[in-house]
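A short write-up of the structure that comes next.
We count residues from 1, following the sequence as given.
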Amino acid sequence: MKIIITDCDHANLDQEILVFNKCNAEYELKQCKTEEDLINQCKGYSIFINQYAPFTRKVIEALSPELKQVVRYGVGVNTIDLDAATEFGVQICNVPDYGMNEVADQAVGMMLALCRKIVLMNDYTKHEKWDYTKAIKVFRIPNQTVGIYGLGRIGKTFAKRMGGFGVKLIACDPIYKVGDVINGATIVDFDTLLKQSDVLSIHAPFDETTKHAFSLESIKKMKPTAFLINVSRGGIIEEEGLYTALTQNVIAGAALDVVEVEPMEVGSKLFALDNFIVSPHMAWYSEESALELKTKVAEEACRFLNNEQIHYPVNNINK
């Protein structure tokens with residue numbers, strides 16, 4: 001059986017090939033973008049590594065019964081219809097434990113950039129004049145309340161980072177009870193998280209329960225001095241509402257590494273705002289995490305190929 005990489009925009013597949021060679025697996029790289037690409041180019045194959053190409057119900061049905069496994073490059077599985085995959089007995093896997101430090105560090109960096117107005121003052125100093133008063137008001141970080149929306153692997157890693165900042169930590173996650181203390185963060189309900197956070201960092205998966213959780217209506221419950229950060233998934237923040245909130249001083253600023261439709265093109269109206277910081281979905285990246293990701297997706301596909309125990313099942317299927 002051949003492992004099919006449905007699409008990949010990485011510079012090379014050197015790391016994957018090393019793993020494939022060790023387990024004597026053949027592979028083929030395709031560059032599928034649409035449902036039709038997958039259906040027309042991938043019929044008859046069983047094991048897939050996937051980056052962006054959409055494994056919808058239509059695709060899964062068309063590629064069945066040969067289709068047996070899809071491994072996602074990364075944590076999110078929003079390119080895959082999980083219900084359809086489970087129904088057709090397709091094992092979905094991801095890599096949930098790579099790049100945790102990098103994403104947490106990106107959130108910390110964005111927090112510091114917002115709180116200290118680093119990006120704003122860098123631009124102003126380079127292009128206008130040397131004058132710190134442009135930054136007024138800036139508030140001391142110790143003793144502020146930092147909120148975490150989603151306390152999984154990355155949320156906990158971010159909480160650990162915050163332990164050295166002298167802040168009060170609160171978090172909202174449905175798997176924990178209000179009042180629990182997890183990694184130094186006291187669990188609160190969503191409204192309390194919104195109302196009390198001076199900085200609110202999003203580390204939740206994207207699904208129907210988190211989609212547009214941060215709408216204009218919910219953002220209005222935040223402090224006017226608060227900052228909002230998202231390094232998890234686009235779509236958790238409703239961006240039209242965010243734009244209104246930033247232009248009307250509902251909150252003080254926001255920093256996003258992910259947006260609802262990527263790429264966000266030059267000319268976006270959010271880009272014109274001084275209180276908005278953006279990076280191009282790079283929070284996951286370091287040289288080390290990129291190698292880790294590429295190694296782990298290949299290893300998971302090889303384990304399935306060789307009928308070994310997989311490490312990262314997303315859905316439960318009856319074998």
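Linking Ile, Leu, Val, Met, Phe, Trp and Tyr residues whenever their side-chain heavy atoms come within less than 4.5 Å leaves Tyr52 and Ile49 in two separate clusters.
The salt bridge (charged side-chain N to carboxylate O under 4.0 Å, His left out) contacts involving residues 209-238 comprise Asp191-Lys221, Asp198-Lys223, where partners must be two or more places apart or lie in separate chains. Counting only residues at least two apart or in different chains, ring-ring contact (aromatic ring centres under 6.0 Å, His included) contacts with residues 221-278 are absent. Evaluation of the ring-ring contact (aromatic ring centres under 6.0 Å, His included) test over residues 63-89, restricted to residues two or more places apart or in two chains, returns His10-Tyr73. Applying the ring-ring contact (aromatic ring centres under 6.0 Å, His included) test to every pair with at least one member in residues 109-165, sequence neighbours left out, gives these pairs: Tyr149-Phe190, Tyr149-Phe214, Phe158-His203.
For the residue pair Asp257 and Ser279, the shortest heavy atom distance occurs at OD1-OG, 2.6 Å. Taking both residues in full, the closest heavy atoms of Cys93 and Pro313 are given as SG-CA, 4.3 Å, listed atom of the first, atom of the second, then distance. The heavy-atom pair separating Leu29 from Cys8 by the smallest distance is CD1-CB, 4.1 Å. Contact between Ala252 and Asn275 at its shortest, heavy atoms only, is O-CB, 3.2 Å.
A salt bridge between Arg72 and Glu300 is absent, with no side-chain N of the basic residue lying under 4.0 Å from a carboxylate O of the acidic one. In this structure, Asp7 does not pair ionically with Lys33, as no charged nitrogen and carboxylate oxygen lie closer than 4.0 Å. A salt bridge is absent between Lys269 and Glu239: the closest approach of a Lys/Arg side-chain nitrogen to an acidic carboxylate oxygen does not fall below 4.0 angstrom.
Under the 4.5 Å side-chain criterion, counting only non-hydrogen atoms from C-beta, Leu151 is in contact with Ile187. Between Val70 and Val90 there is a side-chain heavy-atom pair separated by less than 4.5 Å. Side-chain contact between Tyr45 and Ile3 is absent, with no heavy atoms from C-beta onward closer than 4.5 Å. Side-chain contact between Val59 and Pro54 is absent, with no heavy-atom pair separated by less than 4.5 Å. Side-chain contact between Thr186 and Lys168 is absent, with no heavy-atom pair separated by less than 4.5 Å. Looking at Pro224 and Asn249, their side chains never come closer than 4.5 Å, going by heavy atoms from C-beta outward. Using a 4.5 Å heavy-atom cutoff, the side chains of Asp105 and Val103 are not in contact. At least one side-chain heavy atom of Leu270 sits less than 4.5 Å from a side-chain heavy atom of Leu246.
Listed for the Ser64 side chain is no donor-acceptor partner under 3.5 Å among the backbone atoms of Leu67. In this structure a side-chain-to-backbone donor-acceptor pair under 3.5 Å is missing from Ser201 to Ile148. Not one N or O on the side chain of Asn78 forms a donor-acceptor pair closer than 3.5 Å with the backbone of Pro205. In this structure, Gln69 contributes its side chain and Phe48 its backbone to no donor-acceptor pair below 3.5 Å. A donor-acceptor distance shorter than 3.5 angstrom exists from the side chain of Ser289 to the backbone of Trp284, with no hydrogens or angles considered. Asn94 contributes a side-chain N or O that, together with a main-chain N or O of Val75, makes up a donor-acceptor pair within less than 3.5 Å.
Remark: Ala298 pairs with Glu16, Val19, Phe20 by the side chain to side chain contact (heavy atoms under 4.5 Å, CB included) rule, at least two apart or across chains.
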Item to complete: Dump the intermediate steps for salt bridge (charged side-chain N to carboxylate O under 4.0 Å, His left out) on Glu299 and Lys22, then the final yes or no.
Response: CA-CA 10 Å; Glu299 288 176 342; Lys22 284 181 182 177; over 6 Å; no
Practice prompt. List the steps, then state whether salt bridge (charged side-chain N to carboxylate O under 4.0 Å, His left out) holds for Glu292 with Lys296.
Written response: CA-CA 6 Å; Glu292 183 182 11; Lys296 286 183 173 180; 2.9 Å; yes
Worksheet item: Is there a side chain to side chain donor-acceptor pair (under 3.5 Å) between Gln196 and Thr145 once you walk through the steps?
Response: CA-CA 7 Å; Gln196 292 188 3; Thr145 297; 5.6 Å; no
Residues 108-122 side chain polar contacts: donor-acceptor under 3.5 Å, at least two apart:
from	atom 1	to	atom 2	distance (Å)
Lys117	NZ	Ala135	O	2.9
Lys117	NZ	Lys137	O	3.0

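Of the inter-residue distances, the one linking Tyr27 atom OH with Ile5 atom CD1 reads 7.0 Å to the nearest 0.5 angstrom. The structure places CD of Glu260 at 10.5 Å from CD1 of Ile236, a figure rounded to the nearest 0.5 Å. In this structure, CG on Asn183 lies 6.0 Å from NZ on Lys156, to the nearest 0.5 angstrom.
A side chain to side chain contact (heavy atoms under 4.5 Å, CB included) with Leu256 is found for one member of Ile202, Val231, Leu242, Ile277 and no other, namely Leu242.
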